[in-house]
**Q** 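Right, I'll just put the structure down here and ask away after.
We count ligands from 1, going down the list as the structure has it; atoms in each ligand are counted the same way.
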Amino acid sequence: MIPPGKTIGVLGGGQLGRMLAQAAKRLGYRMHVYEPAARCPAGAVADKEVNAPYEDLAALKAFAKECDVVTYEFENVPAAPLQAIEKVTQLLPHWRVLETAQNRSREKRWLRDQQLPHARFAEVAAGGDLAAGIRTVGVPCVVKTADFGYDGKGQLKVMTAADVPAALRRFAGQPVVIEQFIDFACEVSAVVARGSDGAVSVFPVTENIHKNHILDFSIVPARVAPAVTAAAEKLARHVAEKVDLVGVMGVELFVTRTGEVLVNELAPRTHNSGHWTIDACATSQFEQQVRAICGLPLGPVTLLSPVVMVNILGDAWKNGEPNWARLTAHPDVRLHLYGKAEARPGRKMGHFTVTARTAEEALSLARSYQAELEG
Ligand code: AMP
């Protein structure tokens with residue numbers, strides 16, 4: 001067990017690292033952040049911020065030496081630096097978990113090997129025959145780059161044969177995964193934590209609504225049948241056990257129109273769709289991450305109130321600084337800003353949550369507050 005007073009290191013200094021640092025510091029841990037870009041959101045609340053590239057193994061090792069445990073909040077850290085850290089201190093979750101999740105080919109193959117339900121797919125290696133791959137899966141399908149994809153980056157829907165030439169041009173020569181297009185009823189996610197003792201805890205299943213491929217609303221409880229919630233929880237638990245997770249992981253799922261639940265994506269870190277846990281759950285996903293990687297028992301995941309989370313993107317700055325006074329005037333709103341200096345379209349700048357007596361009521365309030373903010 002790593003008790004409070006010890007030092008937790010995190011690779012990546014974005015909002016996930018910032019909220020992790022806030023939870024860690026509340027528990028009395030020291031927090032060090034490793035992030036290539038200076039003055040990062042996590043650095044502002046951490047005890048120490050190191051700015052160096054992920055390829056700088058000497059800097060990484062020096063960073064790791066000062067930490068009792070290191071975790072990551074950024075998925076695209078290459079495997080070699082993670083292995084270098086593991087030689088110096090504990091790295092959790094294990095680098096192999098990240099290696100599987102950060103590449104769509106490996107991730108899909110892993111799901112298939114574990115016999116977990118997922119969209120049918122084909123892989124095309126660099127320079128391979130993409131047209132043949134699309135024929136194998138059939139149209140409609142979604143073509144995704146194998147590496148470095150998130151929030152819909154690096155993917156294209158091929159809805160009819162007429163979309164095929166654009167896909168061939170866009171992905172020429174690149175390794176890709178082609179997935180069957182799922183005409184889903186809704187998307188849900190389950191954030192799961194697993195301790196080093198093998199204890200597993202799944203946060204209440206969350207319904208997610210995306211806009212332009214980026215999460216817009218998270219709704220809890222998810223408005224799905226109890227059997228769907230149970231299936232999602234079971235899958236998340238299964239994934240955590242099969243990858244031998246120690247830490248927190250977001251499991252993104254599709255719910256089909258017949259109520260089948262398919263795994264879309266794995267993220268071995270805290271997840272955007274779990275931010276509501278700070279305001280409406282007995283334990284937040286960030287505290288749970290601290291607990292899991294430091295060997296404390298996992299906290300209870302009781303839902304305290306129906307809640308909706310709304311992401312605030314850089315687009316909200318199009319007419320200058322958003323009207324925070326108006327948003328915070330609503331007593332049922334909890335605002336979280338990440339301290340990012342530059343508001344770019346699509347960039348996650350913050351989020352707010354709204355609690356109410358029902359999820360429907362929270363959603364309708366959240367929609368009106370979002371409209372006020374953007375108006
Ligand atoms: P991803 O980056 O793979 O999580 O994809 C981002 C979003 O694109 C998902 O949340 C879905 O809304 C959509 N999407 C991804 N894959 C598929 C698919 N196979 N069928 C339908 N929609 C998809």
**Q** Taking non-hydrogen atoms only, is Asp183 closer than 4.0 angstrom to ligand 1 via side chain, backbone, both or neither?
**A** neither
**Q** Consider every N or O of Ile182 and every N or O of ligand 1, then say whether any pair is closer than 3.5 Å.
**A** yes
**Q** Any donor-acceptor pair under 3.5 Å linking the side chain of Arg257 with the backbone of Phe184?
**A** yes
**Q** Tell me whether Arg291 contacts the main-chain N or O of Pro297 through its side chain, where contact means a donor paired with an acceptor under 3.5 Å.
**A** yes
**Q** Between His210, Gln180, His213, Glu187, which one has a non-hydrogen atom sitting closest to atom 9 (C) of ligand 1?
**A** Glu187
**Q** Counting only heavy atoms, tell me which of Glu252, Gln155, Glu107, His118 gets closest to atom 1 (P) of ligand 1.
**A** Gln155
**Q** Could you name the option among Arg104, Lys144, Glu179 that has the heavy atom nearest to atom 2 (O) of ligand 1?
**A** Arg104
**Q** What atoms of ligand 1 come closer than 4.0 angstrom to any heavy atom of Phe181?
**A** 20 (N), 21 (C)
**Q** For residues Val202 and Val301, determine if any side-chain heavy atom of one lies less than 4.5 Å from a side-chain heavy atom of the other.
**A** no
**Q** Quick one: which ligand 1 atoms are inside 4.0 Å of a heavy atom on Phe254?
**A** 11 (C), 14 (N), 15 (C), 16 (N), 17 (C), 18 (C), 23 (C)
**Q** Distance-only, no hydrogens or angles: does the Lys108 side chain make a donor-acceptor pair with backbone N or O of Glu265 under 3.5 Å?
**A** no
**Q** Find the distance between CD (Glu73) and CG (Leu11) and round it off to the nearest 0.5 Å.
**A** 9.0 Å
**Q** May I ask you to list the atoms of ligand 1 that are less than 4.0 angstrom from any heavy atom of Val142?
**A** 17 (C), 18 (C), 19 (N), 20 (N)
**Q** Ignoring hydrogens and angles, tell me if any N or O in the side chain of Asn208 forms a donor-acceptor pair with the backbone of Leu215 under 3.5 Å.
**A** no
**Q** Kindly confirm or rule out an N or O of Lys157 lying under 3.5 angstrom from an N or O of ligand 1.
**A** no
**Q** What residue pairs, at least two apart or across chains, pass salt bridge (Lys or Arg N to Asp or Glu O under 4.0 Å) with a residue in residues 353-366?
**A** Arg223-Glu360, Arg357-Glu361
